[in-house]
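The model shown is predicted, which means the values in this text are computed figures rather than measured ones.
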Amino acid sequence: MPGCFKKTLFALASLISFVSFILIVVAMGTPKWMTGKILCKTGADLVNATDPELVKFIGEIYYGLFRGGKIRQCGLGGRRSKFTIFPHMVENLNTGLHVMIIMFLCVAIFFSLVSFGFCILNAIKVPYRAIKGPAGVCLWNFLAGGFIVLAVTSFMAAVKLHHLTGRIANFQENVFQFVILEEQFEDCFWLCVASATAHAVNLLLIAISGIHFPEIKTKTEEANVTAEDIMY
């Protein structure tokens, strides 16, 4: 049976793994990975809008991995619309990269659950196989965190290098052209970053659990037996 200290550490690691799983699921299902401001360039050019008038042509956009929405401002008031990435819009995006982001997060979810199970196993008993012990827990946490980092990095590449926001904003816009004025990563993106950080914390906890602290031994006073003590 593991000691009380190790039980506490592995129980805490299992809780962190489960929290990481929840964070990824919430992030994937929420359409707030990115927000931005979009300028209706066509409308502004038609009326030669100056700086004070440009406010009437600046709208908003938000999106996640599966859906999003935008407010079009082309001089006649805001028009709200919602959209889904699959199955139509993904054809105009970098399909392979977008699917890879989702796959990376799905794999990370799997390894987070595996880490959760192995942490509970190590909190209950000492496994007889090394892969089921702290080494295995480190492996699953490293893989889960690594795939989350890949997903986050791929999403940043899609936004910055492949102009994801601009492509989504101009999807099926035959008359008006929109220019991205501002982009900002939102809470769901940072939830994934927090999830990767959680697995890094787990690796630290497992490393601490392997430290052997010196045991404090109390010295017992040796009894001095003399010949007089034996006589009595």
Quick one: pull up CZ in Phe176 and CZ in Phe57 and give me the separation to the nearest 0.5 Å. 9.0 Å
Give a yes or no on this: more than 12 heavy atoms of other residues, nucleotides or ligands lie within 6.0 Å of atom CZ of Phe142. no
Validation row: Phe189, Met156 side chains within 4.5 angstrom (heavy atoms): yes
Taking C-beta and beyond as the side chain, do Leu205 and Leu12 meet within less than 4.5 Å on heavy atoms? yes
Closer than 3.5 angstrom, by distance alone: can the side chain of Thr153 be matched with the main-chain N or O of Leu150 as a donor-acceptor pair? no
What distance separates Leu161 CG from Asn94 CG, expressed to the nearest 0.5 Å? 10.5 Å
Go through the steps for Trp190 and Phe185 under the test side-chain contact (heavy atoms from CB on, under 4.5 Å), then give the verdict. CA-CA 8 Å; Trp190 297 112; Phe185 293 102; 3.9 Å; yes
I'd like to know if Val114 and Phe147 are part of one continuous hydrophobic network [Ile/Leu/Val/Met/Phe/Trp/Tyr, side-chain heavy atoms within less than 4.5 Å]. yes
Any pair with a residue in residues 11-52 that passes ring-ring contact (aromatic ring centres under 6.0 Å, His included), sequence neighbours left out, goes on the list, sorted by first then second residue, please. Phe18-Phe21, Phe18-Phe116, Trp33-Phe155
With sequence neighbours left out, the residues meeting side-chain hydrogen bond (donor to acceptor under 3.5 Å, both in side chains) with Asn92 are none
Under the rule for salt bridge (Lys or Arg N to Asp or Glu O under 4.0 Å), what residues qualify as partners of Asp45, not counting sequence neighbours? Lys41
Hits for side-chain hydrogen bond (donor to acceptor under 3.5 Å, both in side chains) against Asn170, two or more places apart or cross-chain, chain-then-number order -> none
Test your reading of the model: is there a side-chain donor-acceptor pair from Ser115 to the backbone of Asn141, 3.5 Å cut-off? no
Could you work out, with salt bridge (Lys or Arg N to Asp or Glu O under 4.0 Å) as the rule, every residue matching Lys160, not counting sequence neighbours? Glu183
Side-chain (Asn122) to main-chain (Phe10) donor-acceptor, under 3.5 angstrom: no
Taking only residues two or more places apart in sequence or in another chain, which ones pass side-chain contact (heavy atoms from CB on, under 4.5 Å) with Gln184? Thr35, Glu182, Glu186
Do Leu181 and Ile71 sit in the same hydrophobic cluster, where Ile, Leu, Val, Met, Phe, Trp and Tyr count as joined when their side-chain heavy atoms come under 4.5 Å apart? no
CD1 (Ile58) and CD1 (Ile38) are apart, to the nearest 0.5 Å, by 10.5 Å
List for me each residue that meets ring pair (Phe, Tyr, Trp, His ring centres under 6.0 Å) alongside Phe118, sequence neighbours excluded, and say none if there are none. Trp140
Pick one: which of Thr30, Leu23, Ile24 meets side-chain contact (heavy atoms from CB on, under 4.5 Å) with Val26? Thr30
Measure the spacing between CD1 of Ile206 and CG of Leu9 and express it to the nearest 0.5 Å. 7.5 Å
Heavy-atom nearest pair, Leu97 first then Ala157, reads CD2-C, 4.5 Å
Answer yes or no for Lys70 and Phe178: cation-pi contact, defined as NZ/CZ to six-membered ring centre under 6.0 Å and angle to ring axis within 45°. yes
Tell me whether Leu143 is reachable from Leu121 by hopping between hydrophobic residues (I, L, V, M, F, W, Y) whose side-chain heavy atoms are closer than 4.5 Å. no
For Lys56, the salt bridge (Lys or Arg N to Asp or Glu O under 4.0 Å) test, sequence neighbours excluded, returns none
List for me each residue that meets side-chain hydrogen bond (donor to acceptor under 3.5 Å, both in side chains) alongside His163, sequence neighbours excluded, and say none if there are none. none
Whether Ser20 side chain and Ile16 backbone form a donor-acceptor pair below 3.5 Å: no
Do the side chain of His162 and the main chain of Leu93 share a donor and acceptor less than 3.5 angstrom apart? no
Going through the checks in order, is the side-chain contact (heavy atoms from CB on, under 4.5 Å) test met by Ile168 and Ile85? CA-CA 9 Å; Ile168 292 177; Ile85 303 295; 4.1 Å; yes
To the nearest 0.5 Å, what is the distance between CD1 on Ile148 and OG on Ser195? 3.0 Å
Following the transitive rule for hydrophobic clusters with a side-chain heavy-atom cut-off under 4.5 Å over Ile, Leu, Val, Met, Phe, Trp and Tyr, establish whether Val149 and Leu203 coincide in one cluster. no
State the OG-CE distance between Ser154 and Met100, to the nearest 0.5 angstrom. 5.0 Å
Residue pair Cys40, Gln73: steps toward the side-chain contact (heavy atoms from CB on, under 4.5 Å) verdict: CA-CA 7 Å; Cys40 182; Gln73 294 274 13; 5.9 Å; no
I'd like to know if the side chain of Arg67 and the backbone of Gly29 have a donor-acceptor N/O pair within less than 3.5 Å. yes
Residue set satisfying side-chain hydrogen bond (donor to acceptor under 3.5 Å, both in side chains) with Glu60, at least two apart, ordered chain then number -> none
Taking all non-hydrogen atoms of both residues, which atom of Ala27 and which atom of Cys188 are closest, and how far apart? CB-O, 3.4 Å
Do Ser17 and Asn202 come close enough that some side-chain heavy atom pair is under 4.5 Å? yes
Provide the full list of side-chain hydrogen bond (donor to acceptor under 3.5 Å, both in side chains) pairs with a residue in residues 77-86, sequence neighbours left out, each pair given once. none
Met89 vs Arg167, test: side-chain contact (heavy atoms from CB on, under 4.5 Å). Steps then yes/no. CA-CA 9 Å; Met89 188 178 291; Arg167 293 187 181 191; over 6 Å; no
According to a 4.5 Å side-chain heavy-atom criterion applied to Ile, Leu, Val, Met, Phe, Trp and Tyr, with indirect links allowed, do Phe66 and Tyr63 form part of one hydrophobic cluster? yes
Please output the side-chain donor-acceptor pairs of residues 101-112 that fall under 3.5 Å, not counting sequence neighbours, one pair per line with the distance.
from   : atom 1 : to     : atom 2 : distance (Å)
Ser112 : OG     : Ala108 : O      : 2.8
Ser112 : OG     : His199 : NE2    : 3.1

